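See structure below.
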Amino acid sequence: MDKVKVILAKYWVAILCGVIALAAVITSFVPMDSFHDELHKKLQASAGNFKKSDDLLHKSRNKPLLPGQTTPDPLTFFPSKTVIATGEALRDQLNVESEKSVKTVVEINRHTPLLPILPNPSGVDGINYRTAYVKRLVGQDAVKPTIMSDVLNAGAPPTPEEVKAESDRIWKTEFETQLVPDPSNPGKSMNEDSVKAQFKVIDDSLAVRMRQDVAKAHKIYCAKDAIPIDPVVAAVGALPPDPRKIWWSQMQLWVIEDVAKAIAEANQAAPNVVAAPVKRLIKIELSGADQAMLFTGTKNGVSAAPVGGSVDPNTPPLVADANTPVPSNHAVSPTGRLCNNMYDVIQFRLEMVVAVKDIPWIINSICRSRLMSVINTESIVSEDIAAADAAGFTYGPDQVVRVSFRCEALFMREWTIPLMPEPVKKSLATGVVPN
């Protein structure tokens with residue numbers, strides 16, 4: 001053992017070099033390609049990460065596009081945490097204000113049903129609704145509709161029968177009593193010629209005076225047939241209207257009431273027809289009382305059409321969603337508005353005789369503080385004053401024209417859906433109008 005130690009101590013350097021040489025010979029037979037490939041991949045990955053970091057560092061950054069902007073403005077400095085926090089706070093505030101705006105719009109748009117029977121009218125509700133509907137549109141005596149008298153303060157030129165009746169009344173109450181019987185000529189009066197001459201002076205101007213009285217006492221001319229009435233709902237003695245008919249006639253009634261209020265606001269400052277901006281309401285024209293005709297498109301923006309069959313009972317429920325994507329189809333109207341989960345669209349036509357100078361004011365009155373728009377002026381033609389005068393219409397000194405407006409009204413689903421009968425909800429959800 002001592003000899004081994006002596007040898008190791010004397011030749012350790014030579015032995016170490018031999019071991020190293022032996023290790024070098026052994027490693028020369030070990031394959032190194034796999035280590036080279038792995039190292040190369042790591043280098044490539046590092047180079048890729050460096051390039052991404054370098055591109056991100058030197059990337060051109062822009063501010064978000066504003067509405068109507070096509071070219072973005074450059075971001076001059078990178079947002080700090082404070083700037084980001086400020087932006088998020090402003091975003092949250094904008095969301096809150098947007099929600100408030102939607103709620104405000106909904107409340108402006110909210111309407112009260114004619115009777116508190118929706119969404120599930122039952123029993124005698126249909127009969128009661130018919131009575132209230134007729135009274136609101138036609139009036140109890142079928143002569144003076146309440147919307148016309150209470151909202152519009154409307155009148156109509158006297159008819160020949162009305163003039164004759166007034167003439168007879170004046171003769172009997174004011175002139176016939178002045179006749180003095182002739183004692184020598186039974187059945188005759190001594191002053192008959194004189195009394196009849198006085199009456200003729202009054203009678204000859206009676207029609208003109210009655211027309212003037214109507215023009216002074218009212219703010220607009222409006223015939224009974226100017227306002228549409230659902231004949232099925234108003235048919236006294238027939239079967240009471242079903243929930244679907246009640247709903248669609250109620251929708252029509254809301255539009256009619258809004259139009260009447262808009263006209264009343266336009267004429268508010270005028271004392272009578274002669275000074276009123278809107279001289280005569282000729283017609284409010286609404287589509288039929290079925291969804292396929294009344295509403296402009298379904299919630300998916302596809303026009304519904306009456307078809308046979310029933311609605312699938314598994315149809316998903318109709319929902320009100322203020323964040324829904326709003327469809328647009330400008331082939332339907334200039335606004336492109338179609339029914340969707342936020343609102344429903346009703347188009348209608350309005351024909352009137354108006355003062356030319358007041359047309360902008362009238363359009364503003366229709367649109368102001370209500371979700372109604374004038375989407376097209378279909379025609380403006382001069383009114384035949386001579387023919388109007390012969391028919392008993394007194395328009396005054398203003399230059400007047402006959403206008404035809406195409407309009408649309410929006411009804412927010414947040415308040416309408418809770419009032420809808422189930423068949424209506426399902427028809428809107430599927431675009432199918434059940435029989």
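What you see is a predicted model; the values in this text were computed from it and never measured.
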So with a 6.0 Å cut-off around CD of Gln399, is the heavy-atom count from everything else above 12? no
Are [X] and [Y] ion-paired here, with the side-chain N under 4.0 Å from a carboxylate O?
X	Y	answer
Glu383	Arg402	yes
Glu162	Lys164	no
Glu257	Arg136	yes

Candidate pair Ser167 and Asp203, rule side chain to side chain donor-acceptor pair (under 3.5 Å), full reasoning: CA-CA 6 Å; Ser167 174; Asp203 193 55; 2.6 Å; yes
Pairs in or reaching into residues 260-272: which pass salt bridge (charged side-chain N to carboxylate O under 4.0 Å, His left out), with residues at least two apart or in two chains?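 Listed once each, the pairs are Glu265-Arg368, Glu265-Arg370.
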All pairs passing salt bridge (charged side-chain N to carboxylate O under 4.0 Å, His left out) where residues 185-194 contributes a residue, at least two apart: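 Those involving residues 185-194 are Glu192-Lys196.
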Can you give the donor-acceptor pairs under 3.5 Å from side chains of residues 357-367 to other protein atoms, not counting sequence neighbours?
unit_1: Trp361; atom_1: NE1; unit_2: Ala266; atom_2: O; d: 3.1
unit_1: Ser365; atom_1: OG; unit_2: Trp361; atom_2: O; d: 3.0

Tyr129: partners by ring-ring contact (aromatic ring centres under 6.0 Å, His included), with sequence neighbours left out: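 So Tyr129 forms a ring-ring contact (aromatic ring centres under 6.0 Å, His included) with Tyr133.
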Test of understanding: with ring-ring contact (aromatic ring centres under 6.0 Å, His included), list the residues that count as partners of Phe348, not counting sequence neighbours. none
Under 3.5 Å, is there a donor-acceptor pair between the side chain of Lys279 and the main chain of Val273?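 Checking the backbone N and O of Val273 against the side chain of Lys279, a donor-acceptor pair under 3.5 Å is found.
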Taking only distance into account, with no hydrogens and no angle test, what donor-acceptor pairs under 3.5 Å do side-chain atoms of residues 173-181 form with protein atoms, sequence neighbours excluded?
unit_1: Thr173; atom_1: OG1; unit_2: Arg169; atom_2: O; d: 2.7
unit_1: Gln178; atom_1: NE2; unit_2: Glu174; atom_2: O; d: 2.6

Quick check: do Pro158 and Val214 have side-chain heavy atoms less than 4.5 Å from each other?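 With C-beta onward as the side chain, the pair touches.
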